[in-house]
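Here's the structure we're looking at; comments come further down.
Source: prediction; values computed, not measured.
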Amino acid sequence: MSALDPLTTTAATTEETGAAAPSAPRVRRPGVLRRTLAARQAQVGLGVLVVVVLWAYLGPLFYPWTAQQSDVTAFGQPPSAQHWFGTNSIGQDIYAQTLAGLQKSLLIGFIAGPAASILAGIVGAVAGYLGGAWDRVLVWVIDLLLVIPSFFVLILLSPLFKQLSWVAMVAAIAAFGWMVMARVIRGQTMSLRERDFVKAARFMGVPTTTIIRRHILPNVASLLIIDATLGVGAAILTETTLSYFGFGVQAPQVSLGTLLAAGSSAAVTRPWLFVFPAGVLIITVLATSLLGDALRDAIDPTSGADRA
């Protein structure tokens, strides 16, 4: 059984004075959370991600150095008991900067990823349910955005990031990360539109927005949850790439991308400037990917069989 198939069907009940719209059947499969947490990759992914988040936000509280402080007695020093990840050429502590950069990258990822999934759900559901001119226009917009090289558009928009801070970059990343999932949601919505419980609600005069909100979106929520989880890692990678090339987070703020850009030129002579931020980035993105894959396997067990 697909995760999107309702488990039961609800018969419409009418009264002399009118009838309430039938509730959409529950799509929550019993034991999904339990199956997710039982998977080894989910345990590893969720555990690592929780540790990374706690470390990023609680770690600075127990460390004497901040990201902007300079130790004039330790210019370009390797890792030591005083500076755990070493220092850069002006004496700034790499451990403190890595935590500050990780905070920024996580914040951008946790906002941009789910925001793109929400946008995909709304656009896909509206296009699939309304059909007609709405569907043609929205599909045209989706196809147009898919063929536009989003990375180069983000580079062109980078001056806005400098003027409006990182919030503009989050909005831009989300604006170019929803199209593929919107197409998937549109297809699922076109199938759900023909189900009896949706037809009953439509014939009884339930407003379109209510049908989409109460009957369509709950039935595609599993796909959106998976997309949002995987989208966090994708958004972090996008931000890192933009910041690495100087188009993302701007000084004096730091992110993992700016740290990688600053340490890449000295990756051979002073590897701690590059290795530690790169390692944190890899671990964070890998943890979100493992968690997203486990969610997908729990909600749709056939996906794991397809990859095997």
For this session: Spell out, as yes or no, whether a donor-acceptor pair under 3.5 Å connects the side chain of S70 to the backbone of I90.
Result: yes
Exercise. Would a distance-only check, ignoring hydrogens and angles, find a side-chain to backbone donor-acceptor pair under 3.5 Å from Q188 to L223?
Worked result: no
For this session: For the pair D293 and R296, find out whether any cationic side-chain nitrogen is under 4.0 Å from an anionic carboxylate oxygen.
Result: yes
Seminar exercise, completed: In short, H215 meets A201 closest at the heavy-atom pair NE2-CB, 4.0 Å
Problem set entry | I94 side chain reached by H83 side chain, heavy atoms, under 4.5 Å | no
For this session: Could I get the full list of side-chain contact (heavy atoms from CB on, under 4.5 Å) partners for L156, not counting sequence neighbours?
Result: none
Seminar exercise, completed: Note: V198 and R193 closest approach over all heavy atoms is CG1-O, 3.8 Å
Exercise. In terms of hydrophobic clustering (I, L, V, M, F, W, Y; side-chain heavy atoms under 4.5 Å; direct or indirect links), are F151 and L256 co-clustered?
Worked result: yes
Exercise. Given the rule in the side-chain hydrogen bond (donor to acceptor under 3.5 Å, both in side chains) test, do D71 and Q77 qualify, once you have shown the distances and angles that lead to the verdict?
Worked result: CA-CA 10 Å; D71 186 355; Q77 294 297 310; over 6 Å; no
Exercise. What's the shortest heavy-atom distance between V232 and P114, and which atoms?
Worked result: CG2-CD, 4.2 Å
For this session: Measure from the side-chain N and O atoms of S158 to the backbone N and O of F247, and report whether any donor-acceptor pair falls under 3.5 Å.
Result: no
Exercise. Counting distance only, does the side-chain N/O of S255 pair as donor-acceptor with the main-chain N or O of K104 below 3.5 Å?
Worked result: no
Problem set entry | side-chain contact (heavy atoms from CB on, under 4.5 Å) partners of A56, counting only residues at least two apart | L102, Q103, L106
Seminar exercise, completed: When every non-hydrogen atom of T284 is compared with those of V280, the smallest separation belongs to OG1-O, 2.8 Å
For this session: Could you tell me whether W134 atom CH2 has more than 12 heavy atoms of other residues or ligands within 6.0 Å of it?
Result: no
Problem set entry | Main-chain N/O of G76 paired with T87 side-chain donor or acceptor, under 3.5 Å | yes
For this session: Identify the heavy atoms of A96 and A67 that sit nearest to each other, and give their distance.
Result: CB-N, 3.8 Å
Exercise. With under 30° as parallel and over 60° as perpendicular, where do the rings of F276 and F85 fit, or are they tilted in between?
Worked result: parallel
Exercise. Is there a donor-acceptor pair closer than 3.5 Å between any side-chain N or O of Y63 and the backbone N or O of W84?
Worked result: yes
Exercise. Which pair of non-hydrogen atoms, one from A125 and one from I216, has the smallest distance, and what is that distance?
Worked result: CB-CG2, 4.0 Å
Problem set entry | Side-chain donor or acceptor of T189 paired with backbone N/O of I185 under 3.5 Å | yes
Problem set entry | Under 3.5 Å: donor-acceptor pair, side chain of S150, backbone of F176 | no
